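We name chains A, B, ... by the order of the sequence lines, and we start the count at 1 in each one. Keep in mind that what you see is a predicted model, and the values were worked out from it rather than measured.
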Amino acid sequence: MPELPEVETIKRELSPHLTGRRIAGTTVLWPGTVRGASPSQFIDSLHGRKIESVGRRGKYLVICLDDGHDLLVHLKMTGSLIVGGPSDEPGKYARVIFTLDNGATVFFRDPRKFGKMQLVARGEVTSQLGIEPLSDDFTVEQLKELLAKRKTSVKPVLLDQNLIAGIGNMYADESLFEAGIHPLRPADSLSETEVARLHDAIRSVLQRAIESKGASIANYFRPDGSAGWAHQTFKVAHRRGERCQCHSNIERIVVRGRGTYFCPACQK
DNA sequence: CTATAGACCTGACGGC
DNA sequence: TGCCGTCAGGTCTATA
């Protein structure tokens, strides 16, 4: 599932292909992908636009255009952006195809059709998102404040994009494991030490996943079609039935409707 | 405010 | 082999 490290990897690897290019044409194969406008309006608005930069905010890819609009892309669970040549076949799961002024194509591939893209005025929409966990603004104090205000369990707080932007199910589980904190602990019950451990865990888990080019569980691919390997370093996420390094069995429970993996011995 | 449920989708998987 | 039901999960929307 694309979360912050996966979207960051895509941003970095897609940017050289897009920056400075113009959009020569757009094909919408699945209209449900486009939000906020009809497919034909969407196609018209993009035609001839120059791409100034490729950025990321939370789990959104932000493609800045020369007319003051941003193209926001959310990959949801199974979306990926694949760069191809002029003669490459779109494939069964292509939902939107962009053609650039140098003949290159970018396929938005999304088997489950959950992904969305939308044109917005620059800076709009993503302003509602919470703090970037890898930015300098995300301090232990910040995290402490966020957690202290919530009586709910700690995991849903990590997943709330309006509080912290970019953490999804996998990295929430990995961060809580690394911090030795049980996912059902009430958010406001964490000690100062635990908050500090969680803060460190979130940042190192995300940073290491970026260095591993993301986790290729399910349908995540990098723009060149290759996989990442962050999932190989996961300690608990998606490891039901396996043993923790402490030899206890990794458990799976459901927290607010999401599969949650943890080690009952290591996480208190 | 919080919390929950349904909707969106389709591939994978277990049971028979 | 194949059919069928269930599950997965990010976010939005609706409802309690």
Indicate whether OP1 or OP2 belonging to [N] is found under 4.0 Å from a side-chain N or O atom of [X].
X: A:Tyr93; N: B:dG11; result: yes
X: A:His74; N: C:dT11; result: yes
X: A:Lys113; N: B:dT10; result: yes

Q.
Would A:Glu178 and A:Ser204 count as a side chain to side chain donor-acceptor pair (under 3.5 Å) here? Give the steps.
A. CA-CA 9 Å; A:Glu178 182 153 315; A:Ser204 63; 2.8 Å; yes
Euclidean distance, atom [atom1] of residue [X] to atom [atom2] of [N] [Å, nearest integer]:
X: A:Asp188; N: B:dC1; atom1: CG; atom2: C1'; answer: 15 Å
X: A:Glu3; N: C:dT11; atom1: CD; atom2: P; answer: 9 Å
X: A:Glu6; N: C:dG10; atom1: CD; atom2: C1'; answer: 13 Å
X: A:Lys76; N: B:dG11; atom1: NZ; atom2: C1'; answer: 18 Å
X: A:Leu184; N: B:dA3; atom1: CG; atom2: P; answer: 13 Å
X: A:Leu129; N: C:dT11; atom1: CG; atom2: P; answer: 8 Å
X: A:Trp30; N: B:dC9; atom1: CH2; atom2: C1'; answer: 8 Å
X: A:Leu72; N: C:dC12; atom1: CG; atom2: P; answer: 11 Å

Interatomic spacing from [atom1] in [X] to [atom2] in [Y] - rounded to 0.5 Å:
X: A:Arg185; Y: A:Glu194; atom1: CZ; atom2: CD; answer: 4.0 Å
X: A:Arg150; Y: A:Asp188; atom1: CZ; atom2: CG; answer: 11.0 Å
X: A:Arg56; Y: A:Thr9; atom1: CZ; atom2: OG1; answer: 9.5 Å

Among [options], the nucleotide that comes nearest once only the side chain of [X] is considered:
X: A:Met77; options: B:dT2, C:dC12, C:dG10; value: C:dG10
X: A:Lys59; options: C:dC12, C:dT11, B:dT2; value: C:dT11
X: A:Tyr60; options: B:dT4, C:dC12, C:dG10; value: C:dC12
X: A:Phe114; options: C:dT11, B:dC9, C:dC12; value: B:dC9

Checklist entry - Taking the side chain as C-beta and beyond, is there a heavy-atom pair between A:Pro186 and A:Lys151 under 4.5 Å? => result no
| query | Taking five pairs at each end, how big is the angle between the two axes of the helix from B:dT2-C:dA16 to B:dC16-C:dG2, to 10°? | reply |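 It comes to 50° between the two terminal axes.
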Sorted by number, residues from residues 151-169 of chain A placing a heavy atom under 4.0 Å from DNA chain C are A:Gln161, A:Asn169
Near-ring test A:His74/A:Phe114, centroid separation under 6.0 angstrom
no
Practice task
Could you walk me through whether A:Lys50 and A:Asp101 pass the salt bridge (charged side-chain N to carboxylate O under 4.0 Å, His left out) test, one step at a time?
Solution key: CA-CA 9 Å; A:Lys50 188 176 182 180; A:Asp101 58 0; over 6 Å; no
(Q) Using a heavy-atom cut-off of 4.0 Å across all strands, would you classify A:Lys92 as base, sugar-phosphate, or nothing? (A) sugar-phosphate
| What do the steps show when you test A:Arg122 against A:Glu52 for salt bridge (charged side-chain N to carboxylate O under 4.0 Å, His left out), and what is the final call? | CA-CA 12 Å; A:Arg122 182 149 305 158; A:Glu52 294 186 333; 3.8 Å; yes
**Prompt:** Can you say whether the rings of A:Tyr171 and A:Phe234 are parallel (under 30°), tilted (30 to 60°) or perpendicular (over 60°)?
**Reply:**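 Rings of A:Tyr171 and A:Phe234: perpendicular, as their planes differ by over 60°.
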Check: Would A:Arg222 and A:Glu6 count as a salt bridge (charged side-chain N to carboxylate O under 4.0 Å, His left out) if you check the C-alpha gap in whole Å, the side-chain angles of each, and the deciding distance to 0.1 Å?
Finding: CA-CA 8 Å; A:Arg222 292 154 61 192; A:Glu6 288 74 33; over 6 Å; no
